[in-house]
Amino acid sequence: TAKEYGKNRHEHFDLARHLSHQARGRVLDRIGDALTEEQLELHYQPKIDLIGRRVAGFEALLRWNHPTDGLISPRAFIDHLEYTDHAGAVGRFVIERAIAQLHRLDSEALNYSISVNLSPSHFLSPTFCDDLWHALQACPFRIRERLILELLETTALDDSNRVIETLQACRELGVQISLDDFGTGYSSLDYFRRLPANEIKIDRSFVQDMRDNSDDEMIVHAIIGLAKSFKRHIVAEGIEDTATQARLIEMGCEYGQGFLYSRPLPADAALEWARNFCWQLP
Ligand code: C2E
Ligand code: MG
Ligand code: MG
Ligand code: MG
């Protein structure tokens with residue numbers, strides 16, 4: 001029910017598994033409403049260039065602004081959405097909204113990138129490339145190359161030939177590809193090498209534990225090394241303290257995101273934040 005969604009919004013679990021068929025049906029209807037009644041919005045978390053010490057761009061993160069439950073985190077509905085017919089519609093909405101934001105930035109002569117999270121079922125659907133092509137129609141190359149599509153490493157493992165083909169098609173449209181939550185899947189090095197990704201994002205779980213856990217630090221170190229060897233950009237997500245930031249910089253990590261810098265913010269607030277950004281030495 002609506003109440004349960006509100007309460008569970010900060011928890012991380014597969015909601016779909018806990019829902020009866022009936023409850024799923026009700027959520028499905030409400031997600032349909034969310035789209036038609038414009039209750040979905042994107043918040044933006046800054047992505048920091050740790051070497052240039054400036055704001056490189058933003059990650060767009062979906063929020064459901066529900067009339068009675070308030071702001072609902074994607075953790076509470078994203079996995080569930082994947083099982084409904086609305087995944088494609090929400091996926092298109094997110095991509096189109098992010099592109100609109102890129103146009104706005106461009107008109108203000110700001111060259112920030114915007115990263116969006118792809119819905120696994122939308123990405124694997126037969127319409128994905130057409131949807132992306134359509135959304136990019138009025139975009140000059142300089143704007144396309146600032147759009148970064150984040151694909152979960154676990155989704156990349158789904159149907160490898162199809163994934164590689166689709167990613168290649170995205171690259172030909174001029175956008176960039178990032179492998180999200182990297183380290184949580186089981187990519188073989190051979191497969192990794194074949195994936196046409198520009199960037200990898202180290203999963204937050206490794207970043208957050210690396211200060212107290214030397215195994216996690218070694219994993220982060222290894223992923224950075226892997227990215228560098230294969231000439232992929234590298235992002236650490238979930239940076240919450242300056243000690244972690246300092247260690248990541250020492251290890252040569254290029255980009256960082258996390259509450260140390262900023263939580264995800266509504267579009268205007270995120271831009272304002274970026275305008276006032278000033279690197280604080282640890
Ligand atoms: P993600 O893509 O790995 O995004 C990072 C998540 O970590 C975001 O949660 C962000 O708010 C949170 N985060 C960032 N920095 C920190 C930090 O320093 N500490 C902690 N504890 N958390 C941090 P959010 O916005 O709740 O999103 C959760 C997940 O939902 C995302 O993980 C992504 O997989 C998915 N998601 C978000 N937006 C979309 C979307 O538009 N479409 C799809 N398909 N999935 C989305
Ligand atoms: Mg992401
Ligand atoms: Mg991630
Ligand atoms: Mg994640």
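As the structure lists them, so they are numbered: ligands from 1, and atoms in each ligand from 1. Keep in mind that what you see is a predicted model, and the values were worked out from it rather than measured.
No hydrogens or angles considered: a donor-acceptor pair under 3.5 Å links the side chains of E41 and H43. No side-chain donor from either of T155 and D158 sits under 3.5 Å from a side-chain acceptor of the other. Defined by atom type and a distance below 3.5 Å, a donor-acceptor pair is missing between the side-chain atoms of S178 and E150. Of the N and O atoms on the side chains of S205 and D203, at least one donor lies less than 3.5 Å from an acceptor on the other residue. Q45 and Q257 form a side-chain donor-acceptor contact under 3.5 Å, judged by distance and modelled atom types alone. Judged by distance alone, the side chains of Q208 and E240 do bring a donor and an acceptor atom under 3.5 Å apart.
For a distance bound of 2.8 Å, the N, O or S atoms of E150 include one lying that close to the Mg ion (ligand 2). For the Mg ion (ligand 2), the N/O/S atoms of S178 include none lying under 2.8 Å. At least one N, O or S atom of E237, from either the backbone or the side chain, sits less than 2.8 Å from the Mg ion (ligand 3).
For atom 15 (N) of ligand 1, the nearest non-hydrogen atom from the set Q45, R75, H43 belongs to Q45. Relative to atom 17 (C) of ligand 1, the option among E240, R263, E59, R97 with the closest non-hydrogen atom is E240. Across L62, L40, D241, heavy-atom proximity to atom 38 (N) of ligand 1 is greatest for L62. Remark: among candidates A60, A76, P74, the nearest residue to atom 30 (O) of ligand 1 is P74, based on non-hydrogen atoms. Checking I239, T184, N117, D180 against atom 42 (N) of ligand 1, the nearest heavy atom belongs to N117.
With a 4.0 Å cut-off on non-hydrogen atoms, Q208 touches ligand 1 through its side chain and not its backbone. With a 4.0 Å heavy-atom cut-off, ligand 1 is reached by the side chain of I78 but not by its N, CA, C or O. Only the side chain of V94 comes within 4.0 Å of ligand 1, judged by heavy-atom distances. Only the side chain of R204 comes within contact range of ligand 1, with a heavy atom under 4.0 Å; no backbone atom does. When heavy-atom distances to ligand 1 are checked against a 4.0 Å cut-off, Q257 has no atom that comes that close, whether in backbone or side chain. Only the side chain of R63 comes within 4.0 Å of ligand 1, counting heavy atoms alone; its backbone N, CA, C and O stay farther away. With a heavy-atom cut-off of 4.0 Å, V116 does not touch ligand 1 at all.
The pair K201-E59 meets the salt-bridge criterion, with a side-chain N (NZ, NE, NH1 or NH2) lying under 4.0 Å from an Asp/Glu carboxylate O. Note on E199 versus K47: salt bridge recorded, some NZ/NE/NH1/NH2 to OD/OE distance being below 4.0 Å.
The closest approach between E82 and ligand 1 stays at or above 4.0 Å for every heavy atom of the residue. The closest approach between K201 and ligand 1 stays at or above 4.0 Å for every heavy atom of the residue. Distances shorter than 4.0 angstrom do not occur between any heavy atom of V90 and any atom of ligand 1.
Here's the thing with F259: one of its N/O atoms is less than 3.5 angstrom from an N/O atom of ligand 1.
Put simply, the angle at the Mg ion (ligand 3) from OD1 in D181 to OD1 in D180 is close to 90°, to the nearest 10°.
For the pair R194 and Y191, the cation does not sit on the ring face, since its NZ or CZ is not both under 6.0 Å from the ring centre and inside 45° of the axis.
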**Q.** Full working for side chain to side chain contact (heavy atoms under 4.5 Å, CB included) between F192 and L226
**A.** CA-CA 10 Å; F192 174 76; L226 187 69; 3.8 Å; yes

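Within E59, OE2 is the N, O or S atom that lies nearest to the Mg ion (ligand 2).
The one candidate from L62, L40, L61 that meets the side chain to side chain contact (heavy atoms under 4.5 Å, CB included) condition with V94 is L62.
Every side chain to side chain donor-acceptor pair (under 3.5 Å) that N276 has, sequence neighbours left out, goes to E272.
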